[in-house]
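Single-structure report; data block below.
On a predicted model such as this, the values are computed, not experimentally measured, just so you know.
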There are 2 protein chains.
Amino acid sequence: MEPVENMPSWMLTQTAAHAGRLVSEGFAAVGARGYHYRVLSALITDGPASQADLGRRTGIHLSDMVTALNELEASGYIRRVPNPDDRRRNIITITGHGIERAEALALQARAVQEEFLAPLDEAERAQLTALLRKLYDHHLSQGFPPLSKM
Amino acid sequence: MEPVENMPSWMLTQTAAHAGRLVSEGFAAVGARGYHYRVLSALITDGPASQADLGRRTGIHLSDMVTALNELEASGYIRRVPNPDDRRRNIITITGHGIERAEALALQARAVQEEFLAPLDEAERAQLTALLRKLYDHHLSQGFPPLSKM
DNA sequence: CGGCTAACGTTAGTCTTCCAAACGTTAGTC
DNA sequence: GACTAACGTTTGGAAGACTAACGTTAGCCG
């Protein structure tokens, strides 16, 4: 039987774990975690949201969202206010400070990607992206939400 | 700035997280964890080894190796005996029962891979594997050990 | 032969990500 | 008013990844 090390999905999870490690290390170096970046990024991309909505957008579990928002709020990266129209909900908004933070983390993520993808030329990168996009869209169509670090 | 969702490494970690989840669920369904499979697989591939050696082969930290071996030994999948030539070390050997277990887990991993790679045809799978192998070999050459679930 | 360093294995612990259950408050429907 | 569901919080666990401390053993060196 073919060894597992030749399987594409083994290769995928190995290389992704490596990329994930590089990103985590970069984030940890500036006192951030993957959840922080995911939340700030979602707020920039899609605007203010309730906690539950943010959880749905990012794939972060609602109980972990509480912790992540507590940390981001404590550092002044987001603002959290009750929704006057529906007091079950908070409205989460990114601050100017938070935008700067997200941009700094995005720069770091890009730097990691450059290091990580160094062995591939532009054509190979485009090829890889197209193949992965095909897999990814398939999974979205099966109902799996966005998840993971970057 | 280009959104993070278009970055190849984002796509990679997303799809890999999905694959990892499928594998973990499959293993959990039969009371196994990723570490169990990695250890059994390494013993089949490379033969008996000390705990430290197994840790080096699999990327599993030596303290987690203790726990994983405790669980595998309790279930009769491996045998652990002191090395008479060097009493600092144990010799870890897979049992017949362990080989069966590893094969069952490998079958499951293959099934997951089939499901996961369904959107790609054979040529695309070969292409994906070649690109990932290029990335993976680069990382090995930089000193990163094997890691992750499968 | 004793001192020293390193390897081995174990234990206890932390951090991050992912996930679940229980609870109180609020909103909407009937 | 009763009921159901949504929201947010709290508490907890599992898995993977990692660290530090400790005791035992082995090898090297003067």
Side-chain angles (χ1 to χ4, degrees), chain A residues 13-14 16-29 31-39 49-71 73 78 80-92 144-150, chain B residues 13-14 16-29 31-39 49-71 73 78 80-92 144-150:
Chain A
T13 54
Q14 285 292 322
H18 181 261
R21 176 203 300 284
L22 289 177
V23 171
S24 294
E25 283 168 6
F27 284 175
R33 323 194 261 115
Y35 280 3
H36 297 153
Y37 180 67
R38 278 161 71 186
V39 169
S50 68
Q51 290 179 209
D53 214 23
L54 261 182
R56 284 186 286 273
R57 292 183 196 173
T58 59
I60 297 171
H61 195 273
L62 50 85
S63 61
D64 303 316
M65 181 60 68
V66 173
T67 303
L69 291 177
N70 288 346
E71 292 163 357
E73 186 179 30
I78 60 133
R80 185 195 221 152
V81 299
N83 185 332
D85 296 331
D86 184 343
R87 288 202 309 281
R88 290 176 295 181
R89 306 177 175 213
N90 293 324
I91 299 179
I92 313 300
F144 291 100
L147 39 70
S148 187
K149 296 180 173 53
M150 268 174 69
Chain B
T13 54
Q14 285 291 322
H18 180 258
R21 175 200 302 283
L22 290 176
V23 171
S24 294
E25 283 169 6
F27 285 175
R33 327 193 259 114
Y35 281 3
H36 298 154
Y37 179 68
R38 277 162 70 185
V39 168
S50 68
Q51 293 181 206
D53 214 21
L54 261 181
R56 284 186 285 274
R57 291 184 197 172
T58 59
I60 297 171
H61 196 276
L62 51 86
S63 60
D64 302 318
M65 181 61 67
V66 173
T67 302
L69 292 177
N70 287 345
E71 292 163 358
E73 186 180 32
I78 59 133
R80 185 198 223 147
V81 298
N83 186 333
D85 296 332
D86 185 342
R87 291 204 306 282
R88 291 176 295 180
R89 307 175 175 215
N90 292 322
I91 299 180
I92 312 300
F144 292 101
L147 39 70
S148 187
K149 295 182 172 52
M150 266 173 69

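Taking atom CZ of residue A/R33 and atom C1' of nucleotide C/dC15, one finds them 9 Å apart after rounding to whole Å. In this structure, the CG atom of B/D53 is 12 Å from the C1' atom of C/dA7, given to the nearest Å. When the P atom of C/dG9 is taken as reference, atom CG of B/L54 falls 9 Å away, rounded to whole Å. Protein atom CD1 of B/I91 is 13 Å distant from nucleotide atom P of C/dC8, rounded to whole Å. The distance between atom CG of A/L62 and atom P of C/dA22, rounded to the nearest whole Å, is 15 Å. As rounded to whole Å, 17 Å separates atom C1' of C/dT17 from atom NE2 of B/H18. Between the NE2 atom of A/H61 and the P atom of D/dT10 there is a distance of 15 Å, given to the nearest Å. Spacing between atom CZ of A/R89 and atom C1' of C/dG28 amounts to 12 Å, rounded to whole angstrom units.
For B/R38 and D/dA17, the shortest distance from a side-chain N or O to OP1 or OP2 is below 4.0 Å. A close approach under 4.0 Å does occur between a side-chain nitrogen or oxygen of B/R56 and OP1 or OP2 of C/dC8. Regarding contacts with the backbone of D/dA17, every side-chain N or O of A/R21 stays at 4.0 angstrom or more from both OP1 and OP2. In this model, the phosphate group of D/dT9 is approached by a side-chain N or O of A/R80 to a distance below 4.0 Å at OP1 or OP2. Checking the phosphate oxygens (OP1, OP2) of D/dA6, no side-chain nitrogen or oxygen of A/Q51 falls inside 4.0 Å.
Side-chain atoms of A/L62 and A/Q51, non-hydrogen and from C-beta on, never get closer than 4.5 Å to each other. The shortest distance between side-chain heavy atoms of B/L54 and B/L69 falls below 4.5 Å.
With both pairing distances under 3.5 Å, C/dC15 is matched to D/dG16 as a Watson-Crick or G-U wobble pair. Base pairing analysis places C/dA27 opposite D/dT4; the two distances defining the Watson-Crick or G-U wobble pair are each below 3.5 Å. Under the Watson-Crick or G-U wobble criterion, with both distances below 3.5 Å, C/dA20 is paired with D/dT11.
Of all non-hydrogen atoms in A/A19 and B/T13, the two that sit nearest each other are CB-CG2, 4.2 Å. B/R80 and B/V66 get closest at one heavy-atom pair: NH2-O, 3.7 Å. Taking all atoms of both residues into account, the shortest heavy-atom contact from A/A68 to A/Y35 is CB-CB, 4.2 Å. Looking at every heavy atom in both residues, B/P82 comes nearest to B/N90 through CA-OD1, 3.7 Å. A/E73 and A/I78 get closest at one heavy-atom pair: N-CG1, 3.5 Å.
Considering CD1 of A/I91 and CG of A/D86, their distance stands at 9.5 Å, rounded to 0.5 Å.
The base of C/dA20 sits within donor-acceptor range of the side chain of A/S63, with an N or O pair under 3.5 Å.
Against DNA chain C, the stretch residues 64-71 of chain A makes heavy-atom approaches under 4.0 Å through A/D64.
Of the options A/I92, A/I60, A/N70, a side-chain contact (heavy atoms from CB on, under 4.5 Å) to A/M65 is made by A/I60 and by none of the others.
The backbone N or O of A/S50 sits nowhere less than 3.5 Å from a side-chain atom of A/R89 that would complete a donor-acceptor pair.
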Identify each atom pair where a protein N or O and an N or O of nucleotides 25-27 of chain D are less than 3.5 Å apart, giving names and distance.
residue: D/dA26; atom: OP1; partner: B/R87; partner atom: N; Å: 3.0
residue: D/dA26; atom: O4'; partner: B/R88; partner atom: NE; Å: 3.1

